[in-house]
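These notes are about the structure you will find just below.
As the structure lists them, so they are numbered: ligands from 1, and atoms in each ligand from 1. Values reported hereafter were calculated over all heavy atoms of this structure, with side chains retained and with hydrogens, waters and symmetry mates removed.
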Amino acid sequence: MRLDKLLTELTGMTRSQAREAIQGGRVCVNKEVKKVTAEHVKETEDFVTLDGQELVFQKYVYYMLNKPAGTVSATQDKTAQTVIGLFAQEDRKKKNLFPVGRLDKDTEGLLLVTNDGPLSHRLLAPKRHADKLYFAKLAREITEDDIALFASGMKVDEELTALPAVLRRLSGEEEKAFLPDGGTGAAVTLHEGKFHQVKRMFAAVGNEVLYLKRMAMGGVTLDGALAPGEYRELTAEEVSRLRESVAGK
Ligand code: URA
């Protein structure tokens with residue numbers, strides 16, 4: 001990879017800032033100052049520094065965020081707080097992060113954040129959409145008919161006929177943890193991701209979602225230690241599960 005390109009990828013600098021830094025003698029490759037912007041570097045082998053600080057090559061990064069209510073799933077917004085705005089400035093700039101798909105502004109829970117465009121695309125592609133698990137607090141208890149309707153792939157409204165989805169009641173510890181103040185809840189697993197889909201599906205059976213949280217996606221489960229607004233990097237195993245979830249679909 002060209003030295004100026006490496007710099008832009010790892011620091012968030014523009015190409016011209018990278019060129020200036022290189023020509024200004026601020027960049028070393030294997031401890032030698034390099035002033036040629038087109039210098040070829042082996043990004044995974046060479047020891048590259050900017051102002052004496054090593055630039056570690058890592059092409060893609062993957063995070064899980066516990067999205068808090070009130071944030072929009074976007075990189076920029078004129079008025080609302082964005083999910084990317086919750087990330088440390090350094091992580092954000094350096095890595096061109098974006099959310100994998102969207103959760104509604106009032107929805108909480110697992111949102112994957114990465115700079116891996118190809119994987120994000122595969123996770124969201126209609127043909128191989130990764131499975132997603134949601135817990136919903138509802139206005140009323142679900143019925144056996146609701147479960148059967150969700151399972152059969154129902155007509156939700158004029159624009160949406162849903163693929164078969166798995167609906168079940170919450171119970172025991174799971175319910176206690178999700179609804180500490182009581183109320184009625186359900187878990188739903190979708191194999192697609194249409195606009196407001198969970199809310200629209202419950203509305204179609206005469207129910208109402210009072211609170212929605214995504215618990216898992218593509219084989220990755222929200223880390224219970226993350227409070228809303230907190231994030232952490234995915235482990236290598238989690239990244240591999242994500243890849244596996246859309247492999248061969
Ligand atoms: N379904 C919804 O209705 N909202 C979300 O945020 C995600 C799925």
>> Evaluate R102 for polar contact with ligand 1, using N/O atom pairs at a separation under 3.5 Å.
In response: no
>> Which heavy atom of V220 sits nearest to which heavy atom of L110, and what is that distance?
In response: O-CD2, 3.3 Å
>> Just checking F87 against Y63, ring centres under 6.0 Å apart?
In response: yes
> Going by heavy atoms, is Y134 under 4.0 Å from ligand 1?
Replying inline: yes
>> For the 3.5 Å polar cut-off, considering only N or O atoms, please tell me whether K199 and ligand 1 meet it.
In response: yes
> Among all protein non-hydrogen atoms, which one is nearest to atom 1 (N) of ligand 1, and what is the separation to 0.1 Å?
Replying inline: V198 N, 3.1 Å
> For ligand 1, which atoms sit closer than 4.0 Å to a heavy atom of T107?
Replying inline: 4 (N), 5 (C), 6 (O)
> Will you find, in the side chains of N30 and D46, an N or O donor that is under 3.5 Å from an N or O acceptor?
Replying inline: yes
> Could an N or O of ligand 1 be found under 3.5 Å from any N or O of K194, whether backbone or side chain?
Replying inline: no
>> Taking G218's backbone N and O only, do any of them form a donor-acceptor pair with R241's side chain (distance below 3.5 Å, no angle check)?
In response: no
> Which pair of non-hydrogen atoms, one from V100 and one from R214, has the smallest distance, and what is that distance?
Replying inline: O-NH2, 4.4 Å
> Which is it for L212 and ligand 1 at heavy atoms under 4.0 Å: side chain, backbone, both or neither?
Replying inline: side chain
> Nearest to atom 4 (N) of ligand 1, what protein heavy atom do you find, and at what distance?
Replying inline: D104 OD2, 2.7 Å
> Is the backbone N or O of D4 less than 3.5 Å from a side-chain atom of R15, with the two atoms forming a donor-acceptor pair by type?
Replying inline: no
